[in-house]
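Have a look at the structure below, then the notes.
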Number of protein chains: 2
Amino acid sequence: MFQRIKTKRVYELVVEQIQEHLRKGDLRPGDKLMSERELADMLGVSRSAVREALSALDFLGVLESRQGEGTFIADVSSQLLLEHLAVFVTIDREANLELLELRKILEVAAAEMAAARAGALDHEKMAEALRLMEQDVHSGILGESNDALFHRCIVESTQNKMLTKSMVLLSDLVVQNMRVSRQFLFQRPGNRERLYNQHRQVFLAIKEGNSEKAGRAMVDHLEFVERELICYGSRPE
Amino acid sequence: MFQRIKTKRVYELVVEQIQEHLRKGDLRPGDKLMSERELADMLGVSRSAVREALSALDFLGVLESRQGEGTFIADVSSQLLLEHLAVFVTIDREANLELLELRKILEVAAAEMAAARAGALDHEKMAEALRLMEQDVHSGILGESNDALFHRCIVESTQNKMLTKSMVLLSDLVVQNMRVSRQFLFQRPGNRERLYNQHRQVFLAIKEGNSEKAGRAMVDHLEFVERELICYGSRPE
DNA sequence: ATTGTCTTACTGGTCCGACCACCTGATGAC
DNA sequence: GTCATCAGGTGGTCGGACCAGTAAGACAAT
């Protein structure tokens with residue numbers, strides 16, 4: 001019925017004003033913000049409050065403070081922001097299957113798009129990631145990071161920056177998802193090779209420029225993983 | 001060749017230590033952090049530095065500071081974090097078409113899933129959003145916020161939290177995209193009604209439980225928008 | 001015994017001033 | 001013209017003072 005009343009901290013009010021100027025385009029990447037002392041005077045608050053606000057935005061990667069020079073608007077498309085977000089989001093134990101479902105939506109489309117759009121350099125990157133994955137099979141390690149690298153190469157070759165950014169957000173979760181999946185899969189003999197071959201089928205279809213085949217190969221791959229997860233109840237602990 | 005050397009700020013080091021405890025599970029949502037003064041003593045830094053770190057994490061929604069009580073670990077699955085991220089990401093002028101492509105991937109899948117999974121309450125919410133959209137048509141306003149509401153109702157009815165969260169991240173961009181699209185579309189007579197009807201077709205298919213039809217209706221809708229944007233060169237300014 | 005009031009100790013919140021480290025531009029010496 | 005030095009400005013850190021809020025305990029009134 002009644003809720004805790006949360007008054008705004010001074011630093012939040014400072015952040016909001018900076019946000020507003022960014023939103024309106026008054027401040028752009030590369031621009032220098034006014035000095036801390038000026039800002040404190042102008043806003044009628046202490047320099048400490050301004051510093052708290054600037055630290056919050058510095059941490060988010062929105063601003064960059066350079067000692068002796070000033071504080072600058074960073075390039076907001078920076079990956080840092082997304083990476084900071086990912087660090088604090090851990091996968092819900094129940095959410096592995098939901099993430100797989102989302103991956104099916106995004107990565108099947110990405111495979112199809114990659115088949116249509118990937119160039120020679122993209123193919124080379126995928127092939128390299130695939131070689132690393134093959135090494136992982138032979139060395140017997142879990143190998144989720146090269147698995148993730150392969151998938152990232154595919155997404156990057158779609159040449160859709162919005163899609164690539166969305167996958168960056170999810171990347172930490174995806175790596176966790178792969179780690180969990182692989183722990184299960186590798187309990188069954190032959191699954192390492194099977195998994196590697198599924199990735200290889202995806203790659204061959206992309207290289208061949210066959211969108212339909214690439215999409216189907218990715219569906220096969222992700223549904224195989226999904227079935228294994230369902231089979232094991234998706235509870236590694 | 002050589003790059004600027006960026007030394008770590010004290011507040012960042014404080015954040016990292018807190019991060020580490022969160023990552024290891026020593027600190028969980030609801031736990032109370034040690035007091036600022038204790039933390040400053042223990043870490044051998046000033047209380048100001050601790051405050052800067054706590055402000056950054058408070059802003060991210062990771063912590064919650066309560067005056068007189070202490071600082072607590074927040075529930076990290078909070079939407080606040082995603083919303084803060086979205087506020088700082090503005091759409092690239094060239095990116096409208098890319099976003100539409102991403103929306104096609106996500107929202108066509110969402111429409112199909114919604115047809116399969118939506119319950120009576122979901123239908124009611126969509127119908128209400130549709131009524132609001134109809135009002136917007138009659139009153140002649142741009143109407144992007146109710147458009148966005150309708151789309152959000154669909155995504156929520158998929159019952160996939162990962163997908164819903166991803167759309168939350170994109171929601172500010174999507175609203176911007178709708179605003180731009182509608183400015184173009186409404187220059188051509190009849191497009192208001194056509195747009196409304198497309199949404200209605202999506203809703204009817206979902207209500208009917210027909211995934212294929214829902215997906216197709218959503219494709220039709222988004223491709224219609226896409227064609228108009230391409231036609232106008234996607235440059236409103 | 002229960003409830004209300006007051007006090008104390010602790011918490012975060014804000015401000016201020018001092019000082020340090022770094023950067024940039026201007027000036028003077030060679 | 002080049003280089004070194006200085007001044008003035010920037011952010012970075014620290015510590016102290018004081019305020020506002022919270023919780024717990026002690027004591028008085030019912």
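In what follows, every chain begins at residue 1, and chains take the letters A, B, ... in the order their sequences are listed.
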What residues, two or more places apart in sequence or in another chain, satisfy side-chain contact (heavy atoms from CB on, under 4.5 Å) together with B/Ala116? B/Ser211
side-chain contact (heavy atoms from CB on, under 4.5 Å) partners for A/Leu142, two or more places apart: A/Glu144, A/Arg179, A/Arg182, A/Gln183, A/Phe186
Applying side chain to side chain donor-acceptor pair (under 3.5 Å) to A/Arg37 and not counting sequence neighbours gives none
Taking atom P of D/dC14 as reference, at what distance in whole Å does atom CG of B/Leu39 sit? 13 Å
Closest approach to the side chain of A/Arg9, judged atom by atom: which nucleotide of C/dG13, D/dG11, D/dT13 is it? C/dG13
Under the salt bridge (charged side-chain N to carboxylate O under 4.0 Å, His left out) definition, can you give me all pairs with a residue in residues 43-55 of chain A, not counting sequence neighbours? A/Arg9-A/Glu52, A/Glu36-A/Arg47, A/Glu36-A/Arg51, A/Arg51-B/Glu52, A/Glu52-B/Arg51
Going by heavy atoms closer than 4.0 Å, what residues in residues 47-56 of chain A are next to DNA chain D? A/Arg47, A/Arg51
B/Glu128/B/Arg131 salt bridge by N-O under 4.0 Å criterion: yes
Which residue pairs pass the ring pair (Phe, Tyr, Trp, His ring centres under 6.0 Å) test with at least one member in residues 32-55 of chain A, sequence neighbours excluded? none
Got a list of protein N/O to nucleotides 7-11 of chain C N/O distances below 3.5 Å?
unit_1 : atom_1 : unit_2  : atom_2 : d
C/dT11 : O2     : B/Gly68 : N      : 3.2

With sequence neighbours excluded, residues passing side-chain contact (heavy atoms from CB on, under 4.5 Å) with A/Gln135: A/Leu132
For A/Asp41, check side-chain contact (heavy atoms from CB on, under 4.5 Å) against everything at least two apart and list the hits. none
